[in-house]
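Below: one structure, written as structure tokens.
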Number of protein chains: 2
Amino acid sequence: MKKVGLKDIAEHVGVSIALVSYVLNGQAEIKQVSKENAEKIKKAAELLNYRPNQIAKSLKMHKTHTIGLVVADINYRYSTGITRAIEAEAKKKNYTVLFGSSNENEETFAELVDALINRQVDGLILVPVENSQDQIRMLQKAEIPFVLIDRNFPEIKTNHIALDNYKAAYTATEYLIKQGHKRIAFVNYKTTLFHLQERNRGYLDALKNNRIEFNAAWLKEVNSSNRTADIQRSIDEILGLDDPCDAVFFATDTLSINGLKYLNQLKTNIPGQISVLSFDESEAFELFYCPVTHLRQPVEAMGKAAVDTLLELINHNKISKQISLMSDLVTGRSCRE
Amino acid sequence: MKKVGLKDIAEHVGVSIALVSYVLNGQAEIKQVSKENAEKIKKAAELLNYRPNQIAKSLKMHKTHTIGLVVADINYRYSTGITRAIEAEAKKKNYTVLFGSSNENEETFAELVDALINRQVDGLILVPVENSQDQIRMLQKAEIPFVLIDRNFPEIKTNHIALDNYKAAYTATEYLIKQGHKRIAFVNYKTTLFHLQERNRGYLDALKNNRIEFNAAWLKEVNSSNRTADIQRSIDEILGLDDPCDAVFFATDTLSINGLKYLNQLKTNIPGQISVLSFDESEAFELFYCPVTHLRQPVEAMGKAAVDTLLELINHNKISKQISLMSDLVTGRSCRE
DNA sequence: TTAATTGCTTTAATCGTTTAAAGTAATAAC
DNA sequence: GTTATTACTTTAAACGATTAAAGCAATTAA
């Protein structure tokens, strides 16, 4: 079955292609197409099962009604949540989402961004990876509409939407302190990513402002390429201190899932021996024998904000938005009361 | 910064557009372009930062080098796994993946398929939802290359790639029997989806062939729109029998996660009181106090097979493939030994 | 010397749309 | 009866690429 185009409808009805185009684009009224022809054209389109060729339309209109989304890793809970939220919002606005996962790899990230641009997406929503600054600057120079989400680079002025990571970490740490913990460990990735560093800062400031003297052995930085081993060593260390830690705060869901697995292996009693708190969410947290207290990110709001901001940019409004959102502390039973 | 096209390069160098196109498509040799011009053209393309407009190319070539993927629900573990696998394989073959999630909704499914076709994807990989038969038949009539994955309709002859669900359920049930279980419950969704019904059949046949008399109270069918309550009632019932079940086999990860949550709430001892086995995988399974024994689907192989089959369809037409894959039983500690 | 060949380049049609501009026939105005 | 207006419809040029086919020198062959 060969593809039917405007031409086929035009021939079938016996009018010109233009007329068909007008009618099918709802311009029948303003182009004063006769009711008779309008009717015939609609019928024929239906009959022949016409489907507009978006490619041709895009070429002519210089608009694809598509936005590109690059997440850091599709296996993250955050990624599926944000993808769903962005898709839902985009659909409402009649946009399609083209999607890719960089797997935290700088080159894959660049390739994806390139591929999306070549496909003429109208704009991009990006979760940038470490060292992708040049790529971001390139987008700015090329004047391609984009918004960063989840992460941003403080040295580059961009439109971005992210959690207030400092405040989230601060609040959570303070929560642990209020629960009576005195020796709180913080396990984070070793990274230059600003949003994760902000979590360190929040943790440290909360300790300081609550007059808890920080012990350098409490802050653990895990190398993502050696995650499992590093986490195990970190946990061994914080539990093996002369004054062992009585709480551990994980900076991401991936860290805590790994960590919990090891704590299980050690048959550690949570929260009896040590309290656990984590950033992000995971279905595993609910299923854990003591549901894990965690900081839930407002992915729906983020997704909506990202799409809305991007569409403003696409529609030529020179806007500058840096949106900061708050996380919810979802209390489980993994923290001593 | 305005977009640079072949024309800009041609003007910059002082040659025709055709020459530029030949050089940039690696046809310099066979079109016998002079080394001098070829060199100049390449330099100019670099200098002007030329990016081919894939939209224009697609229009001309009637090929977008894009495949559309519709998963059932991006929140399923299966979906992220298969998406990743398909993306990786597609990338190897130089295809891009356009992606959507139907959320198990028939209309959303139809809309997504439509949108992808309008975008002129070269073919589709689909996880069809309940009652999407008409949509599938429409694709066949329109001769659009597609392959079904995970699920299929026995009444429609299609190319599809899926687990051997019967055998998987059979093997797992038999495993439980071999471990000495006598009263094995099976919790599935109430559905017309063939692949889930096959799981019922495998469960039932395993009982029969092992001379265990089936008790109708063991087979529970959960309504997905009332999942949590239905699961809880099911579990109450199988535990409340005169002869309570000593094992429960969940037909999907979503069912077992919900079920385990409730079993936790009841403070049931797994596997002491009841053994648990599940289809699919989940990070929650690993983190559960007794890692959950489960049937892992070979998503990488499936993704590869799906892409390979689809590309064959796209390129050479007329093949017929029904690929059946085997699952692995990953043994945790949730089954009595 | 003329014709054929080789080496390289340009012309122009095409893909399926959109849309300004021009065309046409019927009716209304003067 | 001529001109203007109205009510439609068609023509044709884009959009940015690909690629047969044609064009044009310079070289070789007859």
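Labels below follow one simple rule: chain letters A, B, ... track the order of the sequence lines, proteins then strands, and each chain is numbered from 1.
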Rounded to whole angstrom units, what separation is found between the [atom1] atom of [X] and the [atom2] atom of [N]?
{"X": "A:K57", "N": "D:dC15", "atom1": "NZ", "atom2": "C1'", "result": "14 Å"}
{"X": "B:K7", "N": "C:dT11", "atom1": "NZ", "atom2": "P", "result": "14 Å"}
{"X": "B:I55", "N": "C:dT17", "atom1": "CD1", "atom2": "P", "result": "14 Å"}
{"X": "A:Q54", "N": "C:dT18", "atom1": "CD", "atom2": "C1'", "result": "13 Å"}

Proximal nucleotide (of [options]) relative to the [X] side chain:
{"X": "A:K60", "options": "C:dT18, D:dT10, D:dG16", "answer": "C:dT18"}
{"X": "B:S16", "options": "D:dC15, C:dT11, C:dC15", "answer": "C:dT11"}
{"X": "A:L59", "options": "C:dT17, C:dC15, D:dC15", "answer": "D:dC15"}
{"X": "B:Q32", "options": "D:dT10, C:dT14, C:dG7", "answer": "C:dG7"}
{"X": "B:I17", "options": "C:dT17, C:dG16, D:dT18", "answer": "D:dT18"}

Checklist entry - Among pairs that include at least one residue of residues 112-128 of chain A, which meet side chain to side chain donor-acceptor pair (under 3.5 Å), considering only residues two or more places apart or in two chains? => result A:T64-A:D122, A:D114-B:R51, A:R119-B:T66, A:R119-B:T96
Checklist entry - Is there any ring-ring contact (aromatic ring centres under 6.0 Å, His included) pair reaching into residues 89-115 of chain B, and which pairs are they, with sequence neighbours excluded? => result A:F99-B:F99, B:H65-B:Y95
Checklist outcome for this item: By nearest-heavy-atom nucleotide on DNA chain D, the more 5' of A:V33 and B:Y50 is A:V33
Checklist entry - Of the non-hydrogen atoms in A:A90 and A:V97, which two are nearest, and what is the gap between them? => result CB-CG2, 3.6 Å
Next on the checklist: Measuring to OP1 and OP2 of D:dT9, would you say a side-chain N or O of A:S34 lies under 4.0 angstrom away?
Outcome noted: yes
Checklist outcome for this item: Ranking A:L6 and A:K31 by the position along DNA chain C of their nearest nucleotide, the one closer to 5' is A:L6
Checklist entry - Residues from residues 18-29 of chain B sitting under 4.0 Å of DNA chain C, heavy atoms only? => result B:A18, B:L19, B:Y22
